[in-house]
There are 2 protein chains.
Amino acid sequence: MSSCDTCVVRNRAICAGLDNREIETLNSIGRRRTVTAGEPLIWEDDDSLLVANVIEGVLKLTTSTEDGREQIVGVAYPSDFIGRPFGQTSSASVVALTDARVCVFSRNDFDRFAREHPELEHKLLERTLAELDRTRSWMMLLGRKNASEKIATFLLEMSDRLAETGCTPAFGPARRFSLPFSRQQVADVLGLTIETVSRQFTKLKNDGVIELPSRREVEILNRGALVALAG
Amino acid sequence: MSSCDTCVVRNRAICAGLDNREIETLNSIGRRRTVTAGEPLIWEDDDSLLVANVIEGVLKLTTSTEDGREQIVGVAYPSDFIGRPFGQTSSASVVALTDARVCVFSRNDFDRFAREHPELEHKLLERTLAELDRTRSWMMLLGRKNASEKIATFLLEMSDRLAETGCTPAFGPARRFSLPFSRQQVADVLGLTIETVSRQFTKLKNDGVIELPSRREVEILNRGALVALAG
DNA sequence: CACCCGCGTTGACGGATGTCAAAAACGCAA
DNA sequence: TTGCGTTTTTGACATCCGTCAACGCGGGTG
């Protein structure tokens, strides 16, 4: 029996739609792996050796300059696909933000399997197009929004993306959630410094827009205000 | 005889690799169009009705806020594919920067054709993955680079991208080229203001790194210096 | 040739955000 | 509980870049 049978993202990941025989084959070239929070899975500019499906947990995709500045260019949630198929090197590092479980494939094996299964390539294409859309709207944020607009947009996005985690089935956006990011990582997502992020959080708290029960917890008290601020 | 026979991007666009019968079919659902500089081809948030191949010219992909701030999120050159297949709305407007010729398809027709031709979908996937890589490295620029790093990176990218245009076959990066952007558009690519762009250009000129023969012309005098500045 | 209009440049100034440093809060383990 | 190391917050200050305004250049037109 293949471990895919019990996979919680079986129907949401790109594997969805494959028949039993195909799943069997895919299963035979992939393997489960756990990644602990902070542990890297893929290195920037490395030979792109791995691709993977996220089963559980959250991972960040980052690029860095030589002098150590970092920008988070993407965030992968359960059922997301990570890595760079059909290419020699990956343009981003992948590091776990929380403890995570992934289903990894050697890039070569995956490429070969994908080329033989157009339906899977189609799913991958749809995902990649959607990711490109998201990335482009994030460029708008990075290039043209100020600090408070960035923070408001970020909190709304988090509240959407984290809606389904926390055991509640997706009932619209989450009012209260636990950030998978440290303050520094929030800064790395938004192109800000940790101090500016901290000040903006404090300001929103003082203005009664959000509550901050603990370092990682956020509760949205006035969603309308956030939407207005996000611009 | 199909107009594809004489198409200058026939071997570089996603059409490459299709056999004669397939080209015939594709040709029957597409049509040539010219777009004059400044003219829009696709509207942001519009129903995504069109997709297209760029034959000649340069086009910008932009997103805007309600209050009129604009961010250029992509630039399309000859043989590039534009538009959003397999989705209801497009997340960016497409506007011609120069007079351009494109080969347009109704999204529905194209989607149907693509789903029946895995090889074409594969090409589209490879392109989309490459575009995502480029977009992510641009996020690094927007989020973490300062004005002079942005300008230096931009000039180097232009010199690479515009290498083949101007009739010379691609002999490495162009030393001298004509920008398809106004100063305001350069600002919209880099997340800066027109004044900052202008000042940085002047500074590079005064430092002997570049020459500016006219408003749109750029000549790189000291490429090494640009590379160092780009960071 | 002169005029005009749009685009680009330059200057003066202010403010948002980055930088540096110290204090505070938190999490964890003994 | 206490103590320690890390993360976060807060404050003072610096600076880069945006804003506003004036000027200049260049191309097109009468």
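Every chain is numbered from 1, with letters handed out A, B, ... down the list of sequences. Below, all heavy atoms of this structure are taken into account, side chains as well, without hydrogens, waters or symmetry copies.
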Report yes if a donor N or O on one partner sits less than 3.5 Å from an acceptor N or O on the other, where the partners are the side chain of B:Arg199 and the base of C:dG11; otherwise report no.
->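 It does, because a donor-acceptor pair links the side chain of B:Arg199 to the base of C:dG11 below 3.5 Å.
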Go through the N and O atoms of the side chain of A:Arg215 and the base of D:dT8, and report whether any donor-acceptor pair is under 3.5 Å.
->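 Counting by modelled atom types and ignoring angles, no donor-acceptor contact under 3.5 Å is found here.
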Okay, side chain of A:Arg101, backbone of A:Arg33: is any donor-acceptor separation there less than 3.5 Å?
->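 Side chain of A:Arg101 to backbone of A:Arg33: no pair is present.
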On the nucleotide [N], are OP1 or OP2 found under 4.0 Å from the side-chain N or O atoms that [X] carries?
X	N	value
A:Arg183	D:dT9	yes
A:Ser198	D:dT10	no
B:Thr196	D:dG18	yes

Which is true for B:Ser182 with a 4.0 Å heavy-atom rule: it touches a base, it touches only sugar-phosphate, or it touches nothing?
->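 Answer is sugar-phosphate: B:Ser182 comes under 4.0 Å of backbone atoms only.
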Just how far, in rounded Å, is [atom2] of [N] from [atom1] of [X]?
X	N	atom1	atom2	result
A:Phe201	D:dT10	CZ	C1'	16 Å
B:Asp67	D:dT19	CG	P	11 Å
A:Gln200	D:dT8	CD	P	16 Å
A:Phe181	D:dT8	CZ	P	13 Å
B:Leu212	D:dG26	CG	C1'	15 Å
A:Ile194	D:dG11	CD1	P	17 Å
A:Arg216	C:dA25	CZ	P	20 Å
B:Leu190	D:dG18	CG	C1'	15 Å

Return the nearest nucleotide to the side chain of A:Glu195; candidates are C:dG18, D:dG24, D:dT10.
->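 Of C:dG18, D:dG24, D:dT10, D:dT10 is nearest to the side chain of A:Glu195.
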Beyond-backbone contact of B:Leu221 with B:Val209, side-chain heavy atoms, under 4.5 angstrom |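 SC-SC contact between B:Leu221 and B:Val209 ruled out.
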Taking side chain as C-beta onward, heavy atoms only, is B:Lys60 less than 4.5 Å from B:Pro180?
->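 Side chain of B:Lys60 against side chain of B:Pro180, heavy atoms only: no contact under 4.5 Å found.
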Look at atom CZ of A:Arg216 and say whether more than 12 heavy atoms of other residues, nucleotides or ligands are closer to it than 6.0 Å.
->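 Yes, enclosed.
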Taking atom types as modelled and ignoring hydrogens, do the side chains of A:Glu39 and A:Thr36 form a donor-acceptor contact shorter than 3.5 angstrom?
->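 Side-chain D/A pair, A:Glu39 to A:Thr36: present.
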Of A:Ser214 and A:Asn146, whose closest DNA chain C nucleotide lies nearer the 5' terminus?
->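 The 5'-side residue here is A:Asn146.
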Considering heavy-atom distances to DNA chain D, does A:Thr202 or B:Val197 have its closest nucleotide positioned more toward the 5' end?
->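 Looking at the nearest nucleotide for each, A:Thr202 comes out on the 5' side.
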